[in-house]
Amino acid sequence: MSHRAIFKKRRWDREDTPSNSTSRAASASRTPLRNDDDSDFEEDTEEDFKKIQELLNQRLQSLTLNVDPENISVNKEDRFGAGDRRQYNAEALNKAKITSETTTINDIIRSLLLTRTEVSSTSRELLLAQLYKLMVTKPIMVYNEENIGSINYVDEEKVQKVINLFNDSNYRTETEFLYLYRSMIALLISNIEDFGYMITSEFLGKIKVLIQEPATSIITNDNKSTLINGFIALTLVLHNGSSSFGIDDKINWLMEIAEGFTSSAVLLRKNIESGDREHSTLINDKNEDKRLVSEAYSKVDSEVSVASSALNGVACLLTLISRGEYLNEFVEALILKIIPLLEEEDLRDVSRASARVIAVIYELYTFEAINPDDFDNEDYEEFNPNGPYYEQGSLFAILERLANISSKKVSKKDKKQSHSIFRNILNTIKVHVDPIKREQVLLRTPTGLEIITSIMDSTYIRLSKYKSLPIDSWILYSRLRILKWSFSFGLHDQLVSNESIRDVLKDSDSEFGNHGGFEIDEHLLHESTYKDYVNDYMDHKHLHDDKRRTEKIRKERRQKVVEEADRLNVAS
């Protein structure tokens with residue numbers, strides 16, 4: 001087969017220009033969150049997300065190479081043999097065609113199914129990078145609506161072929177695996193209604209095996225972090241609004257991973273600092289010793305990345321379990337495992353991720369009603385029998401210390417971020433153990449909204465002129481983080497166009513039922529602060545009203561069908 005057949009029915013035109021969506025600036029403009037160093041919702045500083053984003057940007061920038069396969073230098077042809085010349089021509093054609101705006105998702109999938117003699121590993125990396133870009137630039141549901149009935153329509157068969165590439169381990173480089181996996185996850189969760197049945201227990205088992213097996217040159221620890229994020233994304237979207245059966249087992253499994261990789265990172269770090277490092281016994285060359293130290297610290301960072309991803313997954317999956325007695329018992333046992341990881345202040349990503357799990361636990365926990373006089377008891381600050389963790393004073397002290405960390409080993413930016421996160425989580429916990437403040441927060445009263453603003457950096461994702469999604473709890477933040485990993489700069493488009501993704505960020509019912517309301521005092525609407533409270537409340541109210549209205553319409557339609565069936569039976 002000719003290499004020109006890699007992309008059938010289209011001919012490359014060197015006047016074609018790359019899409020503007022490949023630029024960094026355009027990508028950034030799609031991000032729905034503010035870029036604020038103090039924000040708890042800014043995840044670019046977390047190593048796993050940061051590395052993936054940098055790698056993606058670097059790879060997409062390489063697609064802008066202006067290569068003309070019809071006009072290759074004669075000097076190069078003289079230097080190459082026949083086989084090398086054909087390979088060069090193929091790669092040049094691939095790079096040029098990938099940059100073309102006419103290349104479709106199905107074109108790329110067809111190319112990935114060809115042999116490596118026709119499409120090299122380098123070309124496959126470029127193809128997969130472009131596939132991911134196309135996936136997140138336009139939601140697949142919108143794309144398919146535009147291409148229904150055409151050869152560009154992405155059906156279940158095409159998606160299954162991408163899954164087969166993963167199942168058959170059809171990848172040869174770390175980068176190729178990264179883009180194949182991320183493209184596959186984005187495809188599956190972007191249309192869970194049509195593609196969800198492909199997420200089988202065997203498929204998830206394959207992912208778990210790759211996470212548990214020893215790291216390789218392809219499935220590195222950084223890619224294990226990627227595997228965990230994808231596993232969480234699949235579980236979150238698949239189980240959201242449905243059964244939570246088996247979620248507790250997944251959380252326990254993630255905790256084992258977090259504990260194991262944290263222990264390994266702690267031990268390796270101690271060995272480095274004590275001078276007891278691998279292959280260093282007879283080395284006198286200072287440069288070689290520095291190289292070994294640098295490699296060892298890189299390994300520590302990659303293991304921390306796996307552990308923190310697992311902990312972020314624990315926080316996210318906890319939100320899928322219904323509130324009640326079982327969840328209370330489950331998190332009471334879980335928090336005992338989280339506290340030791342929280343105290344690993346030298347592994348800051350692990351410590352921060354652990355703190356976020358604790359914040360989610362306190363937001364989900366169903367507290368018993370207590371007498372306000374009991375809350376004022378002097379012993380209540382130190383020990384709290386009405387909460388997920390009895391030694392409450394000890395937990396407060398740990399978070400207070402972490403918020404004020406002053407080690408010289410910690411960068412100024414790291415100190416600032418740690419102070420913000422741990423301080424906000426400490427304030428969140430203090431609010432939720434206070435029965436009066438907790439009720440105000442859960443009911444989203446004006447006082448409750450004021451409390452939320454004072455304890456954490458909340459934000460809103462604007463969907464339209466009159467509608468937005470509020471991200472004002474650690475529950476929603478833990479979900480937002482995994483969606484941001486899945487769709488990167490295309491998340492906002494997904495939220496606008498995809499109801500199943502949007503539902504993931506709708507606040508769940510609390511122990512007080514649906515968020516309550518308050519009577520609007522029209523005499524106070526002239527005050528800007530009160531007006532903001534009313535607007536925030538109405539945003540929440542409209543979201544819940546939309547959900548109830550949709551459910552009411554569905555019930556009415558079902559009832560109409562039943563009545564019509566009964567009428568026909570009577571008539572017969």
Side-chain angles (χ1 to χ4, degrees), residues 43-59 61-62 121-122 125 129 169 171-182 209-230 256-312 341 344-354 405 407-415 417-418 485:
E43 285 296 306
D44 287 348
T45 53
E46 291 195 30
E47 288 302 313
D48 59 334
F49 186 80
K50 183 178 179 182
K51 289 177 182 178
I52 289 171
Q53 288 298 96
E54 288 179 350
L55 189 57
L56 176 62
N57 288 328
Q58 291 169 6
R59 185 60 64 182
Q61 286 172 6
S62 72
S121 294
T122 301
E125 290 178 4
S169 301
Y171 40 79
R172 291 188 181 176
T173 68
E174 179 183 359
T175 303
E176 187 181 341
F177 171 82
L178 172 66
Y179 292 127
L180 172 60
Y181 186 72
R182 291 201 72 183
V209 167
L210 292 177
I211 294 171
Q212 292 169 325
E213 287 181 342
T216 66
S217 59
I218 298 176
I219 311 299
T220 60
N221 281 335
D222 286 330
N223 271 345
K224 284 180 182 287
S225 176
T226 297
L227 282 162
I228 291 172
N229 286 332
E256 291 177 4
I257 292 173
E259 290 173 318
F261 276 89
T262 299
S263 297
S264 177
V266 169
L267 180 60
L268 181 55
R269 187 182 182 91
K270 288 180 178 178
N271 289 341
I272 297 170
E273 293 174 349
S274 67
D276 181 16
R277 45 188 174 270
E278 191 177 3
H279 308 306
S280 65
T281 308
L282 301 176
I283 291 178
N284 296 318
D285 188 343
K286 291 184 178 180
N287 291 330
E288 179 65 13
D289 190 54
K290 288 180 180 179
R291 185 187 66 80
L292 289 175
V293 171
S294 178
E295 287 180 356
Y297 273 120
S298 294
K299 186 177 180 181
V300 170
D301 290 340
S302 66
E303 291 185 343
V304 166
S305 177
V306 177
S308 59
S309 291
L311 287 167
N312 287 323
L341 302 182
E344 294 291 351
E345 62 181 56
D346 289 335
L347 308 180
R348 286 178 294 282
D349 281 347
V350 170
S351 187
R352 286 194 286 257
S354 301
I405 193 167
S407 173
K408 293 182 179 179
K409 297 180 182 179
V410 182
S411 67
K412 184 177 180 181
K413 183 178 180 180
D414 230 358
K415 288 179 185 177
Q417 187 187 36
S418 293
W485 174 89

Pairwise side-chain contact, Val266 with Asp346, heavy-atom cut-off 4.5 Å (strictly under): no
Any Leu227 side-chain heavy atom under 4.5 Å of Ile219 side chain: yes
Can you tell me how far [atom2] of [Y] sits from [atom1] of [X], rounded to the nearest 0.5 angstrom?
{"X": "Ile228", "Y": "Leu311", "atom1": "CD1", "atom2": "CG", "value": "9.5 Å"}
{"X": "Asn271", "Y": "Glu273", "atom1": "CG", "atom2": "CD", "value": "9.5 Å"}
{"X": "Ser351", "Y": "Glu345", "atom1": "OG", "atom2": "CD", "value": "7.5 Å"}
{"X": "Leu347", "Y": "Arg269", "atom1": "CG", "atom2": "CZ", "value": "6.0 Å"}
{"X": "Asp349", "Y": "Glu303", "atom1": "CG", "atom2": "CD", "value": "13.5 Å"}

Check against salt bridge (charged side-chain N to carboxylate O under 4.0 Å, His left out), Glu176 and Arg172: CA-CA 7 Å; Glu176 187 181 341; Arg172 291 188 181 176; over 6 Å; no
Salt bridge (Lys or Arg N to Asp or Glu O under 4.0 Å) against Glu256, all qualifying residues, sequence neighbours excluded: none
Non-neighbouring partners of Glu174 that pass salt bridge (Lys or Arg N to Asp or Glu O under 4.0 Å), sequence neighbours left out: none
Are the side chain of [X] and the backbone of [Y] linked by a donor-acceptor contact shorter than 3.5 Å?
{"X": "Asn221", "Y": "Ser305", "result": "no"}
{"X": "Thr220", "Y": "Ser217", "result": "no"}
{"X": "Lys224", "Y": "Val306", "result": "no"}
{"X": "Ser298", "Y": "Ser294", "result": "yes"}

Partner set under ring-ring contact (aromatic ring centres under 6.0 Å, His included) for Tyr181, not counting sequence neighbours: Phe166, Phe177
Partner set under side chain to side chain donor-acceptor pair (under 3.5 Å) for [X], not counting sequence neighbours:
{"X": "Glu295", "value": "Arg291"}
{"X": "Thr173", "value": "Glu125"}
{"X": "Thr216", "value": "none"}

Where do [X] and [Y] come nearest, in terms of heavy atoms and distance?
{"X": "Ala265", "Y": "Val304", "result": "CB-CG2, 4.0 Å"}
{"X": "Ala353", "Y": "Ser308", "result": "CB-O, 3.9 Å"}
{"X": "Ser302", "Y": "Asp222", "result": "CB-OD1, 3.7 Å"}

Verdict with reasoning, Trp485 to Thr226, per side-chain contact (heavy atoms from CB on, under 4.5 Å): CA-CA 9 Å; Trp485 174 89; Thr226 297; 3.6 Å; yes
Under the side chain to side chain contact (heavy atoms under 4.5 Å, CB included) test, residues paired with Ser169 that sit two or more places apart: Tyr171, Lys206
For Ala307, side chain to side chain contact (heavy atoms under 4.5 Å, CB included) partners two or more places apart: Phe261, Thr262, Val350
